[in-house]
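The next block holds one structure in the form of structure tokens; read it before the comments.
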2 protein chains.
Amino acid sequence: MELNARKKKILEVIIRDYISTAEPVGSRTLSKRCNLGISPATIRNEMADLEDLGFLVQPHTSSGRIPTQQAYRYYVDEIMEVKKLEKIIRTDIHRGFLNYTSEMGNTMDHTAKVLSQLTNYTAVVLAPRVTNFNCKHIQIVSLIKNRVLMIVVTQEGMAKNIEITLGQQVDSMLALKLTNVLNSFLKNTFLRDMSSEFIDQIQELTAEETHLIHEILPHLKKALLEDASEIHSMGLTNLFNYPEFSDIEKIKRLVNIVQEKQVLSDILTTKDGNRVIHIKIGSENDNESLKDFSIITSTYELDGETMGAFGVIGPTRMNYDNVSSVLNYIRNELNLHISNLLMK
Amino acid sequence: MELNARKKKILEVIIRDYISTAEPVGSRTLSKRCNLGISPATIRNEMADLEDLGFLVQPHTSSGRIPTQQAYRYYVDEIMEVKKLEKIIRTDIHRGFLNYTSEMGNTMDHTAKVLSQLTNYTAVVLAPRVTNFNCKHIQIVSLIKNRVLMIVVTQEGMAKNIEITLGQQVDSMLALKLTNVLNSFLKNTFLRDMSSEFIDQIQELTAEETHLIHEILPHLKKALLEDASEIHSMGLTNLFNYPEFSDIEKIKRLVNIVQEKQVLSDILTTKDGNRVIHIKIGSENDNESLKDFSIITSTYELDGETMGAFGVIGPTRMNYDNVSSVLNYIRNELNLHISNLLMK
DNA sequence: ATTAGCACTCACGATAATCGAGTGCTAACA
DNA sequence: TGTTAGCACTCGATTATCGTGAGTGCTAAT
């Protein structure tokens, strides 16, 4: 769908205006604001056209118009130009990250905080999954009764604890033996493609030990398969202030979504196309509860491989320009930061 | 303050009525509901007295009365009798817990869920702190650059991971050595009273190793000191439905509180007196944001020692009877369950 | 001490009146 | 032919008015 230059301009101004005021925009106010020397009457004609084309709607017959989802989509695809963040803000963000050079969890919290503050929307960050990494160490610790704790550590310092109830009691000596066996075979393999075939190659194990290893490994696999990213969210109440969310039912849907880790994780990790910034507007979201929200997400990488995702949830009249800029910059910053944190 | 039997009865009925309807209660409706053979006029006189005594207020001159905080306090202290939960519900809860015999995290999640479902309010559960337990195993894993991960495991299967950046690189051999040293001295000591004096007793360590241990231990202490309980909350949106929370500002305060782990943890762990069930009504709460809410909390124990806390946040017109009953039973159930989970 | 009776209060809901920012349409204009 | 001034019209939002009813306090009778 192509619009002529004037329609495009008018649509842009309407969207910009509506994004910042949440009020339907009429022809008169518009002609004042965008001083293109066009009269209200002309604008009215153009607006009527834009309405026919599906870009605008009137909440009621005699009010101004508001943009449709289609309009936002058009705006995002064809009109908006994502600018670089201002230098001052960039250095500000950068400095902020420097305070979190040691721990992953803190970095993620900080990211969420920065995101929500810079955008005034709700921010969500997915920490890297342990399965993305190389196994550095596995430890079996014997617990009371017939339970053991298996700890998997990556080179980068991420750890996953797995509680296992076994068919028999395991004392410290046996635990040590198991630890050694597991380490000798799993060390330096990628956690996501651990295989259990190696066991059959082991000769010097007793039947008991072999049996235990066979009992343990499925738990490891299962745990790694189910391994969910840690989720850090911030600014949930930011959205409470926007007039379109004075309806408590909408707020409720939002809160429910943000509380549901699985849902949130799914939302953050659905890509569209090859873009760096993913934008989902209103009902473009797979999740029914999100039809009144827009979500912009991005990912961060290490060695070209996706480590995690982060994004912002806001109203459909979201400030797409700004949020895109912010996400772009945070993405770079996070890539840099993560590689400092985890590499060499 | 003592009230005569009739006043007490009237106050009770008013409170019960208001708790279930959230509507100011008037003399006429009241005289129908509590068939004590007293006329509305008499009730009016009594109500006027109760108002003078500070137990009731009128939202406006010609409306019914609603209970004050003082009334709820009186009700909780002097009127209400906490009943045992119905048998059916008890066995229902008990059966539910049986599905979570293996993992602590799941148990806590389940508890929060059950609490919020049984009460229709917001439930919060604090998992046991690792520092409550005995150290079963400490492991140092060398990471990239000059970082190591220290893992502390308790007999019960709780683990705490501590990332440490050291002054020098530590290879796997050295990490193993450190692990052995730490284990030999810290194993089976209580995590909360770990001391670092033992190091000076060690003879066979190289200068480098001693130095590293000295570098590591403060991190351990700090981490254990800061060790926060994991928090599991559920049913945050339950409160959204109550008419007194149609005001979005109140909702906002609630959400902010529940998102702030530190605040929540403080709230759950303030005791009053020696009671098993702690009740804070409205502005009795230390936290300003909670002045429109009531909170009922309790704790669970192992070997007579407090392991964690749990509770319910609701409106000041909370159903104190029911919530108290539920908390009482959950407390028992949790004690039982935890001891099964953690003890031999 | 209790209660029936009565005049009074006041939030709430419905109805009506006003206002104003917005519209579409028509005719005049460049 | 595209643009604009003019005008009548629409309709949500705001305000005003009024009746209703559940509530009150007070007084006098029981």
Side-chain angles (χ1 to χ4, degrees), chain A residues 2-11 13-18 20-68 71 243-244 246-247 317, chain B residues 3-11 13-18 20-68 71 243-244 246-247:
Chain A
E2 251 326 305
L3 299 179
N4 67 44
R6 192 170 68 183
K7 281 202 174 56
K8 202 165 164 178
K9 184 68 190 166
I10 289 175
L11 185 58
V13 179
I14 293 176
I15 292 177
R16 286 253 165 76
D17 194 79
Y18 185 71
S20 67
T21 65
E23 297 286 325
V25 353
S27 58
R28 200 155 332 163
T29 38
L30 191 56
S31 95
K32 280 176 212 150
R33 201 146 326 188
C34 88
N35 35 13
L36 285 178
I38 327 176
S39 78
T42 313
I43 292 178
R44 274 204 289 284
N45 290 329
E46 297 286 37
M47 283 170 101
D49 290 351
L50 285 168
E51 183 166 353
D52 289 341
L53 292 169
F55 290 104
L56 300 175
V57 283
Q58 291 179 285
H60 46 269
T61 328
S62 69
S63 81
R65 266 118 170 161
I66 63 176
T68 60
E244 53 265 67
S246 57
D247 176 7
R317 60 170 189 103
Chain B
L3 299 179
N4 66 46
R6 193 171 67 182
K7 281 203 174 53
K8 203 165 163 179
K9 184 67 190 166
I10 289 176
L11 186 57
V13 178
I14 293 177
I15 292 177
R16 287 256 165 76
D17 194 79
Y18 186 71
S20 69
T21 65
E23 298 283 325
V25 353
S27 58
R28 198 153 337 159
T29 37
L30 190 55
S31 95
K32 278 177 214 151
R33 204 145 326 186
C34 86
N35 33 13
L36 285 177
I38 327 175
S39 81
T42 313
I43 293 178
R44 275 203 290 281
N45 290 329
E46 297 285 37
M47 284 169 102
D49 291 351
L50 285 169
E51 182 164 355
D52 288 341
L53 292 169
F55 289 105
L56 299 176
V57 282
Q58 292 179 283
H60 47 268
T61 326
S62 68
S63 80
R65 267 120 171 157
I66 63 177
T68 61
E244 53 265 67
S246 58
D247 176 6

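Hydrogens, waters and symmetry mates play no part in the numbers below; they use all other heavy atoms, side chains included. Please read these numbers as outputs of a predicted model, since none were measured by experiment. To find a chain, count down the sequence lines: A is the first, B the second, and so on, and within it residues start at 1.
Looking at the side chain of B:S62, the nearest of the listed nucleotides D:dC11, C:dC10, D:dG25 is C:dC10. If you check C:dG24, D:dG12, D:dT24 against the side chain of B:M47, the one that comes closest is D:dT24. Nearest nucleotide to the A:T29 side chain, out of D:dT4, C:dG22, C:dT23: C:dG22. Distances were taken from every side-chain heavy atom of B:T61 (C-beta onward) to each of C:dC10, D:dG6, C:dT3; the shortest belongs to C:dC10. Of the listed nucleotides (D:dG25, C:dC25, C:dT3), D:dG25 has the atom at the smallest distance from the side chain of B:R44.
B:I43 has its CD1 atom 9 Å from the P atom of C:dT3, to the nearest Å. Rounded to whole angstrom, the span from the CD1 atom of A:I14 across to the P atom of C:dA21 amounts to 18 Å. The CG-P distance, from A:D17 to C:dG22, rounds to 10 Å in whole Å. One can place CZ of B:R65 at 12 Å from P of D:dG23, the figure rounded to the nearest angstrom. Taking atom CG of residue A:D49 and atom C1' of nucleotide C:dT23, one finds them 15 Å apart after rounding to whole Å. Spacing between atom CG of B:L30 and atom P of D:dA22 amounts to 16 Å, rounded to whole angstrom units. In this structure, NE2 of B:H60 is placed 19 Å from P of C:dC8, rounded to the nearest angstrom. The distance between atom CG of A:L56 and atom P of C:dG24, rounded to the nearest whole Å, is 11 Å.
Shown here is B:R28, whose CZ atom has no more than 12 heavy atoms of other residues, nucleotides or ligands within 6.0 Å.
When the nearest nucleotides of DNA chain C are assigned to A:E51 and B:P40 by heavy-atom distance, the more 5′-ward of the two goes with B:P40.
Look at A:R6 and you'll find a side-chain N or O under 4.0 angstrom from OP1 or OP2 of D:dT3. Close to C:dT9, at under 4.0 Å from its OP1 or OP2, lies no side-chain N or O of B:S63.
Judged by distance alone with a 3.5 Å cut-off, no donor-acceptor contact links the side chain of A:S39 to the base of D:dT4. Contact of A:T42 with D:dT3 (side chain to base): no donor-acceptor pair of N or O atoms is detected under 3.5 Å.
At least one side-chain heavy atom of B:L3 sits under 4.5 Å from a side-chain heavy atom of B:L53. Under the 4.5 Å side-chain criterion, counting only non-hydrogen atoms from C-beta, B:R65 is not in contact with B:L50. Counting only heavy atoms from C-beta outward, the side chains of A:E23 and A:T29 never approach each other to under 4.5 Å. For the pair B:L30/B:D17, no side-chain contact is recorded, criterion being any heavy-atom separation below 4.5 Å from C-beta on.
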